[in-house]
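Letters go in sequence order (proteins before strands), and every chain restarts at 1. In this text, all values refer to a predicted model and were calculated from it rather than measured experimentally.
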There are 2 protein chains.
Amino acid sequence: MSVQSVERALDVLEALAEHGGEAGLSEIAARTGLPNGTIHRLLRTLLARGYVRQESDRRYALGGGLVRLGGVAGGMVGTWARPYLAQLVELSGETANLAVLEGDFVVYVAQVLSPRRLRMFAEVGRRVLPHSTAVGKVLLAGRPPAEAKAVFERTGMPRRTPNTIVDQSAMLAELDAVQARGYALDLGEEELGVHCLAVPVRDGDRVVAAMSVSGPAERIDGLDRDELAEGMRKIALGFGGEFGPVPAGH
Amino acid sequence: MSVQSVERALDVLEALAEHGGEAGLSEIAARTGLPNGTIHRLLRTLLARGYVRQESDRRYALGGGLVRLGGVAGGMVGTWARPYLAQLVELSGETANLAVLEGDFVVYVAQVLSPRRLRMFAEVGRRVLPHSTAVGKVLLAGRPPAEAKAVFERTGMPRRTPNTIVDQSAMLAELDAVQARGYALDLGEEELGVHCLAVPVRDGDRVVAAMSVSGPAERIDGLDRDELAEGMRKIALGFGGEFGPVPAGH
DNA sequence: AATTCATTTTCCATCAGGTGGAAAAGAGGA
DNA sequence: TCCTCTTTTCCACCTGATGGAAAATGAATT
C-alpha cells in the first residue's frame, strides 16, 4: 500500500529536522529505531541527490535540495490558504493574514485584504519578531517554553511601542495564557493603534501556522473577542486539515 | 548502492517542483518516464506523510511537510556559509553578507561582521528590494531578463537615495553589464555613503545566492575592484560547490 | 441520457532489489 | 599504543517493490 523505503527515508529526514537539522548516524538510529545499515543506505541515496549533506566530522545535515523544494511548496501554501483567509475577512470585516515561524522570525505567507476603506496591510513576505505580534505569540505558545525562551534570548525582545511586552517572564506568562485561551491578542504592541487577534493552525496537535485578523484599534475592540476567536478557530481547523497529512489513511 | 524507490520518489517531487509545484499523474509520468502504477504508489506514500497534496481535481501538488523541512534546511545554509563569509571579511576587511532571492525580495541569510570599528550591519532576515542593492543586481542578472523586468514592474523600483537607479531600461542595461563583468556594485544606491560589491554563488550554472562585502564609501572605493571581485569569485566558487548536490557520485 | 475518450486507480504474479545482522574499517581518547 | 565507540561495507535471504493490464472514474460530446 505504501512504499516502505520511501517512508523510512522520510523518517530519516524528519529525525534530522527534529535534531535541529544535523545529527550523527547513530542518533538517527536511536530516534527512528531502524538498523544502522538501513539508515546508512538511505542517507547515501539522499546524499547523492543533495537532500542531505555530510559534514567533515561525518555527521549528516539537511541539504540544499530541500531549500528549493520548500521554497516552491511554500509558494503554494499561500494559494491554498486564500479561501480560508477570505472566510476570516467575511467573519471579521478585517484584513486576514497567515504567518509561519521561520527561525527566530515570523513570516507573513499570505493575506486577504479587508474591503473597508481604512485597512491594515502588511506586505506578504515581511519578517517580524514574534514577541510583538499576535501571530508570533500563538506560534511560540505552541512550542516548548524552553524554545520560546531561547528565541527571546536571541532576539532581545526590542520595544516597538509603549505597549510592547519587553519583560521575558511576563511574556512567558502571556504565552501560557494564550495556550489556555486558544488565541492571542496584539494591542498596539507592534504598531500603535493596530490591534490583532490570532489563532493557531494545527496539523494534528502541532501548531504549524497562525491566522490573524488585524485592523484599527477601535474596530477590533468593538468585536466580541471570544465569539470572534471561536469562529476563527473553526476556520483554522478547516485549513489545518488541508495543511498536513491526511487524517489517517487506513 | 542506492535505494531505487527513494530516488524515484525524489524524481517525482522534483518533477512536481519543475511543473510549478502542481501536476497531474500523467504529466509526472511523461517527465520521469516511470510507469503510472509506480508513480501512483509513490505519490500515495508521499501523500500519507504530507509531503504531497491532492487537489480536488485529483491533481497533485507539493505539500506542507516540505515547507517545514525546507525551513530547517534553510537555517543551516547560513551555518555552512559562515566560514566562507569569514574569508570574505579577511580578504576585504569589510562586513560580508549572503543573500538569496525570495519572490520579489532579496533576503539576507547570513552575515559575518568586519573587525573594523566603523562597519556595516544589516540584520539577518531583512528583506530589501533588488534594484537598489549589489546582491539584488547579481541575483537578477542570473535570471532571464523577462523575469527581472517583471520584478521591476511589480516593485516599481522606488528611489532610496539620489543614486538609486530608477529607470527600468537603465537597470536592464546595468544587469547586462553585471553579467558580463561577473560582479555588481552598489554605490550608495540603497543608503548614502555605503558602497557594496557582490558576486554570484553558482550551483552548476544556476545563480542560487549572492555574496557581498559592504562598508563606508571611502574604504570600499579605495580597493581594487577587479582584484577584489576575482578573490571573491574564488570564495563564492568554493561555497557554490557545497551548496547543491555533489557533482556526480558514481 | 448515452457514448466516448482520457486519466487515474487498483490488482496481482514475478523476481528485482531492499533488508538487517554481523564483520571490517575508521576515528578519537586514555 | 591499545581500547572503545561510531561509521561503513558486505552478503545471503526473502520481503516487498515492480509494472503491465484491467477496472473505475470523470469530463466532454452527441
Undergrad: Do B:Ser214 and B:Thr95 meet the criterion of a side-chain donor-acceptor pair at a distance under 3.5 Å?
TA: no
Undergrad: Using atom CG of B:Leu25 as one end and atom P of C:dT10 as the other, report the distance to the nearest whole Å.
TA: 11 Å
Undergrad: Taking A:Arg49 first and then B:Asp11, would you say they form a salt bridge - that is, a charged N and a carboxylate O separated by under 4.0 Å?
TA: yes
Undergrad: A:Arg58 has a side chain; which of C:dT10, C:dA27, D:dA17 sits nearest to it?
TA: C:dA27
Undergrad: Please work out whether the ring planes of A:Phe152 and A:His131 are parallel, tilted or perpendicular, with thresholds of 30° and 60°.
TA: perpendicular
Undergrad: May I ask you to say what A:Ser26 touches in the nucleic acid, namely base, sugar-phosphate or nothing, with a heavy-atom cut-off under 4.0 Å?
TA: sugar-phosphate
Undergrad: Roughly how many Å is it from CD1 in A:Ile28 to P in D:dT7, rounded to a whole number?
TA: 9 Å
Undergrad: Would you say A:Gln54 places a side-chain N or O within less than 4.0 Å of OP1 or OP2 belonging to D:dT8?
TA: yes
Undergrad: Provide, to the nearest angstrom, the distance between the CG atom belonging to B:Leu42 and the P atom belonging to C:dG17.
TA: 14 Å
Undergrad: How is A:Asn36 classified with respect to the nucleic acid when contacts are heavy atoms under 4.0 Å: base, sugar-phosphate, or nothing?
TA: base
Undergrad: Nearest to the B:Tyr60 side chain among D:dT6, D:dT9, C:dT9, which nucleotide is it?
TA: C:dT9
Undergrad: With respect to the phosphate group of D:dT18, does any side-chain polar atom (N or O) of B:Gln4 fall under 4.0 Å of OP1 or OP2?
TA: yes
Undergrad: Using a 4.0 Å heavy-atom cut-off, does B:Arg8 contact any base of the nucleic acid, only the sugar-phosphate backbone, or nothing at all?
TA: sugar-phosphate
Undergrad: Rounded to the nearest 0.5 Å, how far apart are CD of A:Glu90 and CD1 of A:Ile235?
TA: 8.5 Å
Undergrad: Nearest whole angstrom, please: distance from the C1' of D:dA28 to the CG of B:Asp57.
TA: 16 Å
Undergrad: Tell me the interatomic distance from B:Leu34, atom CG, to C:dT7, atom P, rounded to whole angstroms.
TA: 18 Å
Undergrad: If the condition is salt bridge (charged side-chain N to carboxylate O under 4.0 Å, His left out), which residues does B:Glu55 pass it with, not counting sequence neighbours?
TA: B:Arg53
Undergrad: Spell out yes or no: do the side chain of B:Arg41 and the base of D:dG16 have one donor N/O and one acceptor N/O closer than 3.5 Å?
TA: no
Undergrad: For B:Ser5, report the nucleic acid contact type (base, sugar-phosphate, nothing); a contact means any heavy atom under 4.0 Å.
TA: sugar-phosphate
Undergrad: What is the distance from CZ of B:Arg44 to P of C:dC11, rounded to the nearest Å?
TA: 10 Å
Undergrad: What does B:Glu27 touch in the nucleic acid at a heavy-atom separation under 4.0 angstrom: a base, only the sugar-phosphate, or nothing?
TA: nothing
Undergrad: Would you please confirm or rule out a distance under 4.0 Å between OP1 or OP2 of D:dT8 and any side-chain N or O of A:His40?
TA: yes
